[in-house]
Amino acid sequence: MVQVRLGGTLQSYSGGRSTFEIEGANIGQILAGLGEACPRLKPLLEKGVAVAVDGEIYRGSLLHPVRPDAEVFILPRMAGG
Amino acid sequence: MPLDQTAKSGTPFSKVGTRPLRPDGLDKVTGRARFGADMTAPGMLIGRVLRSPHAHARIRSIDSSAAEALPGVKAVITAADFLDRQDEHRDILVNVMAREKALYDGHAVAAVAATSAAIAREALSLIKVDYEVLPHVIDVEAAMRPDAPILHDNMFTSGVEPRPSKPSNVAARYQFGHGDVQAGFAAADVVIERSFRTEATHQGYIEPHACLASVGSDGQGELWCCTQGHFMVRDISAALLGMDISKLRVTASEIGGGFGGKTTVFIEPVALALSRKAGRPVKLVMSRAEVFRATGPTSSTSVRVKMGVKRDGRITAAEAELKYQGGAFAGSPVELGAMSAFACYDLENVSVIGYDVVTNRPKQAAYRAPGAPMSAFAVESVVNELAERIGMDQIDLRLKNAAKEGTRAAYGPTFGPIGLIETLKAAKAHPHYAAPLGPNQGRGVACGFWFNFGGQTCVSLNINIDGTVALAVGTPDIGGSRASMCLMAAEELGVSYDRVRTVVADTSSLGYNDVTDGSRVTFASGMATIKAAREAVKKLCARAAAIWGIPEDAVVWEEGQARPAGPNAGAFPPLSLREIAAMAPKTGGPIAGHCEFNAENAGPSFATHLVDVEVDPETGRATVLRYTVAQDAGKAVHPAYVEGQLQGGAAQGIGWALNEEYIYGPDGRLQNPGFLDYRIPVASDLPMIDTVIVEVPNPGHPYGVRGVGETSIVPPLAAMANALSAATAVRFTELPMSPPRVLHALEARRMAQAAD
Amino acid sequence: MAARHVRSIINGDAVEFVCEPEESLLDVLRDRLALTGAKEGCGTGDCGACSIILDDRLVCSCLVLGVEAEGRRLETIEGMAQHGELHPLQRKFLEHAALQCGICTPGFLVAAKALLERNLNPTETEVRYWLAGNLCRCTGYDKIVRAVLDAASEMREGRHAA
Amino acid sequence: MRYEAPASIDKAVALLAAENGMSRILAGGTDLLVQFRSGSPAPDLVVDIKRISRMRRIVAENGGFRIGAAVPCAALGEHKKLVKAWPGIVEAARLIGSTQIQGRATIAGNLCNASPAADSVPALIAAGAIATILGPNGNREVPVEEVPIAPGKTSLQKGELLVSLFLPARPPHSGDAYLRFIPRSEMDIAVVGAGVCLTLDEEGVCTAARVSLGAVAARPLLVEEAARALIGTRLEEQALKALAAAASAAWRPIDDKRGTKEFRIRVAGVLARRAAERALARAKGNKIRGH
């Protein structure tokens with residue numbers, strides 16, 4: 001199980017809950033699991049989010065592996081100028 | 001092969017870090033380089049766009065019959081000529097051509113293509129649009145009031161529980177943070193809370209948007225345009241026009257500046273639609289006024305910041321509320337502003353709330369570190385005031401609270417290796433920081449952060465028969481990136497810099513590339529170039545192994561040559577890249593390296609800026625006397641162009657701080673859509689801008705590269721405000737700090753002093 | 001509206017063209033003569049990207065009518081390198097990385113050339129004020145000013161050596 | 001639109017007289033071409049006066065200077081005697097737009113464009129310049145302050161052409177100066193402009209003065225109260241304060257995107273004072289630094 005934390009804004013879709021225990025070996029599996037655990041988050045997750053794994057931000061790598069003890073943080077989708 | 005385990009890491013570079021002339025330089029100093037408006041086609045028509053003179057109006061009807069009847073007019077289009085999509089492209093579709101309503105002064109409502117510019121202009125005057133003028137709203141706070149005119153009946157604030165029952169101009173509410181800010185404030189010795197405002201500013205690229213479109217009756221299209229991302233232009237244009245992506249080929253011209261403003265489409269789908277209807281090529285070039293009225297400036301904002309500090313300089317809590325208007329559509333960069341607001345600090349208790357607000361202004365577009373300069377302006381102003389209040393040096397306070405490796409960022413995750421402290425120390429050690437100041441002069445400091453992004457990237461590197469290298473990238477070169485690509489390819493291949501030629505290939509020649517944004521090109525296209533070069537090296541070694549008849553893994557690549565290694569070391573004379581290339585046709589055909597990937601871990605870049613200003617106490621006019629930028633580049637591939645990014649961002653920030661602003665009349669029309677009254681800094685406004693490049697390697701890149709393009713615009717607004725405040729003993733909380741505003745504040749202070 | 005026939009000397013070559021009386025010289029250069037080195041950044045004389053030299057005077061070609069060029073001598077960026085050799089200013093712009101996007105570069109080079117033809121020993125302040133009508137949004141002007149000063153210095157030495 | 005470039009003043013006047021539609025004079029064109037572009041109706045006739053050699057010259061006349069209407073601003077700065085005699089006029093002309101603009105723009109055009117913020121006009125008014133106007137009914141000479149009457153409007157009649165501006169002989173111990181306030185260091189339209197011309201006697205007492213303000217009213221103003229504050233004084237602190245007060249009091253409403261009323265009032269006084277100090281230094285023969 002990976003401990004997954006939500007950025008503040010996403011918490012308003014999880015009834016204020018900020019931490020989830022999700023089964024998954026990569027980012028895609030964790031996002032899918034999170035969508036199962038909290039269906040209201042699903043449309044946001046599908047629209048696209050960024051995922052910080054041990055402080056490194058991934059915006060489009062669903063297949064990136066995640067160790068069970070990794071720090072996983074779900075962030076909004078981001079872009080620059 | 002994991003990049004971090006290759007021989008290159010930790011070894012000194014032979015090419016990277018030098019300052020060769022840029023490969024596109026000659027064309028650019030001789031006038032030969034072709035920008036957006038420099039292309040023509042046989043039988044070309046001239047396109048023009050009719051724009052709404054109203055800030056907010058229902059379009060009852062459009063009668064274009066008289067325009068269509070004008071001799072020389074070959075096509076007139078309106079929103080009906082695009083697919084009525086309801087998907088994620090909806091806002092872009094409606095922004096490109098107004099549908100039910102015109103949402104801002106300058107919103108496109110129709111377009112024509114004619115045989116000359118004069119006829120096109122006359123045709124526009126013959127199009128009759130029946131408008132029902134509606135009440136409008138320009139200011140961000142006004143737009144949030146319950147009685148404000150509503151732009152979109154279907155906009156219900158997201159991120160609020162329970163979902164609002166009434167539509168509003170607030171598209172979304174965002175929040176970030178951790179800890180207990182109330183407890184943090186209770187523990188503070190000094191708490192400061194202030195409200196700030198910034199005006200909308202435009203990216204101000206000197207080249208107006210321009211394109212040349214050609215769509216044939218077979219449905220195939222060609223588009224030449226100035227853009228930060230031609231693959232993005234292709235995909236969105238195809239979607240709006242209902243074309244197959246494969247049928248549209250987009251070629252990126254040289255681009256005359258973008259700064260984020262050319263990361264979306266405006267006229268490109270319009271030119272394609274006109275061409276499709278007219279059956280002839282159509283050239284469409286915006287005027288400067290159109291650029292200001294109809295392309296994206298950044299948000300205007302209203303920001304409240306509260307911070308508490310202990311006497312020893314430890315910040316105990318930080319809180320901010322950000323309101324950003326992003327023009328007529330959702331999507332202001334408030335979320336990024338909220339996430340970056342306190343990113344420079346190691347905080348136990350932090351809370352940020354942001355509101356994304358719509359108003360009757362042009363749809364905002366990304367502008368260099370979108371959202372970050374405004375929140376940094378507010379936060380860094382308060383940080384300075386905290387330092388003043390507890391009598392601590394403005395750099396020392398920041399050093400005491402600076403984010404570092406292992407700090408949990410205010411926006412959530414934990415930072416890896418970052419260089420904020422190094423930039424602060426560089427600023428403190430710089431002679432600038434110790435230089436004496438004269439009367440009416442003040443010194444300001446501010447820090448800044450930007451995330452930096454990677455993204456989808458695809459490059460192709462081909463070894464030519466003469467041993468030269470053709471590198472095709474898909475990210476438009478906006479500030480010298482081709483030079484950096486050549487350097488990195490040359491570094492890997494062990495050939496000289498001038499044997500590599502990099503071009504920005506069209507959309508049919510490479511796989512998808514994300515736009516040139518997020519300070520990503522030297523990082524992401526650079527990493528793709530390195531990977532492609534390593535793949536080519538592998539093939540070169542394989543070819544040499546085959547020639548020698550030894551196993552592939554018994555060959556190593558050193559200094560541009562394949563050498564037998566292991567038991568065969570010295571058994572054969574080395575084969576140079578040139579020799580292997582010459583034999584390629586007879587040893588298996590062309591040799592190339594490719595890379596398609598999604599670059600991640602861009603690694604944030606931090607900066608500290610120092611500025612001295614002098615304020616004329618009788619007129620309120622501020623003069624920038626000295627400016628120094630210290631920024632972490634990870635590894636500067638071409639230091640001259642890194643310096644250029646640092647200087648350019650500082651100059652844009654100075655303009656934002658002092659004089660740039662969108663000025664609206666009570667009618668909701670933009671009053672200053674030109675370079676005369678939208679005042680970007682001119683050469684005589686600025687001093688030399690000193691730079692210190694700090695290099696804290698980014699573990700996410702084989703050379704340690706971090707993006708550098710955006711961070712440099714984050715600190716200047718606050719650095720300037722802090723300097724003006726130091727020079728005048730008045731705290732400035734509104735931008736721009738134009739002379740009337742400054743003089744007004746100085747007069748108010750004099751009056752208050754007189755009253756005491 | 002009658003098109004006019006105009007004869008000029010452009011970069012040393014005799015050139016003839018036809019244009020409408022209200023057409024700007026910039027449009028003539030770009031659209032009729034394919035001299036697209038001069039750029040239109042504003043069309044109102046506020047950015048300097050269309051700078052050319054007209055009978056020894058630096059002007060914005062967007063604020064000149066094409067018909068006014070009759071019998072005049074014009075110098076554009078296309079004529080700045082002579083016989084394949086770059087002007088010292090062009091070389092110094094490259095060496096100093098004085099351009100990022102490059103859209104303003106032709107205008108800066110033409111304007112700087114006009115300055116150095118009048119004053120081969122300008123101060124930094126003189127360079128900055130002379131070039132105040134040329135907008136650059138990329139560089140913050142630092143490297144441009146250095147390039148101009150360096151070119152002036154090299155040209156002074158060349159003159160003394162000659 | 002018809003374009004004519006006559007070689008003589010007579011021909012120019014005849015062309016203007018014969019035109020029934022709208023006609024415009026093209027001198028530097030730096031305002032005219034911007035107007036064309038902004039979509040204002042194109043005139044029927046444009047008369048380019050730059051081929052008239054008499055209008056392209058600066059000539060010494062009766063101890064003063066006659067500046068042809070087609071002389072570009074840059075040429076003023078290149079005329080050494082003019083720079084020495086009327087530094088304030090020259091500095092005003094060299095503040096109009098960029099180097100590029102000064103290569104084309106003329107002070108006569110600046111005057112006839114009738115912008116309230118025209119940089120050279122307060123300097124010309126302060127200098128007591130006279131405009132020579134030629135028309136179907138002959139020649140007339142008018143003080144420059146009577147040429148602009150409202151934004152974009154002049155007192156010139158149909159068919160009339162401003163031929164030259166005459167700067168009178170400068171009395172000894174005189175000096176002039178022009179300063180303007182803009183937010184940037186260059187390229188802006190004046191938010192306030194102040195021109196001062198003054199003459200001292202042998203003892204350093206001001207015997208004559210003219211003060212003019214730009215951009216504070218619908219047209220540039222000759223402010224007699226401000227001049228009176230200087231006459232009879234040595235421009236001591238008291239006199240300069242009175243000058244500043246008179247200048248601040250002289251404004252008539254302009255409140256726009258370029259500057260608030262409050263700001264213009266305040267800065268008009270500041271600039272009038274600074275311009276007077278500059279003119280005084282020149283009258284005393286002191287050197288003044290440029291930018």
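Chain letters run A, B, ... following the sequence lines, proteins first and then strands; every chain starts at 1. A quick note: this is a predicted structure, and the numbers were derived from the prediction, not measured.
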Chain B contacts, top residue of [options] (heavy-atom pairs, under 4.5 Å):
options: Cys136(C), Ala132(C), Pro106(C); answer: Ala132(C)
options: Leu86(C), Ile144(C), Thr44(C), Val145(C); answer: Leu86(C)
options: Leu94(C), Leu109(C), Thr105(C), Leu131(C); answer: Leu94(C)
options: Arg146(C), Arg128(C), His96(C), Glu40(C); answer: Arg128(C)
options: Arg137(C), Glu23(C), His87(C); answer: Arg137(C)

Less than 3.5 Å apart, any donor N or O on the side chain of [X] or [Y] sitting next to an acceptor on the other?
X: Glu16(C); Y: His5(C); answer: yes
X: Ser519(B); Y: Glu710(B); answer: yes
X: Thr522(B); Y: His638(B); answer: no

Which atoms of [X] approach chain C - backbone, side chain, both or neither, heavy atom under 4.5 Å:
X: Ile206(B); value: both
X: Leu646(B); value: neither
X: Thr30(B); value: both
X: Gln652(B); value: both
X: Tyr678(B); value: side chain
X: Gln645(B); value: both
X: Pro687(B); value: backbone
X: Ala650(B); value: neither
X: Ile680(B); value: both

Legend entry - Carboxylate-amine/guanidinium proximity below 4.0 Å for Asp56(C) and Arg73(C):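 Yes, this pair counts.
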
Legend entry - Cationic N near anionic O, under 4.0 Å, Glu643(B) to Arg19(B):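 Yes, Glu643(B) and Arg19(B) are salt-bridged.
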
Legend entry - Whether Tyr627(B) side chain and His609(B) backbone form a donor-acceptor pair below 3.5 Å: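 It does not hold such a pair.
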
Legend entry - From Leu33(C), Leu35(C), Leu29(C), residue fulfilling side chain to side chain contact (heavy atoms under 4.5 Å, CB included) relative to Leu74(C): Leu29(C)

Inset, instruction - Measure up the Trp656(B) and Tyr367(B) rings against each other and bin them: parallel (under 30°), tilted (30 to 60°), perpendicular (over 60°). - result: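 It falls in the parallel class, under 30°.
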
Inset, instruction - Look at the aromatic rings of Tyr205(B) and Phe259(B) and report parallel, tilted or perpendicular, splitting at 30° and 60°. - result: parallel

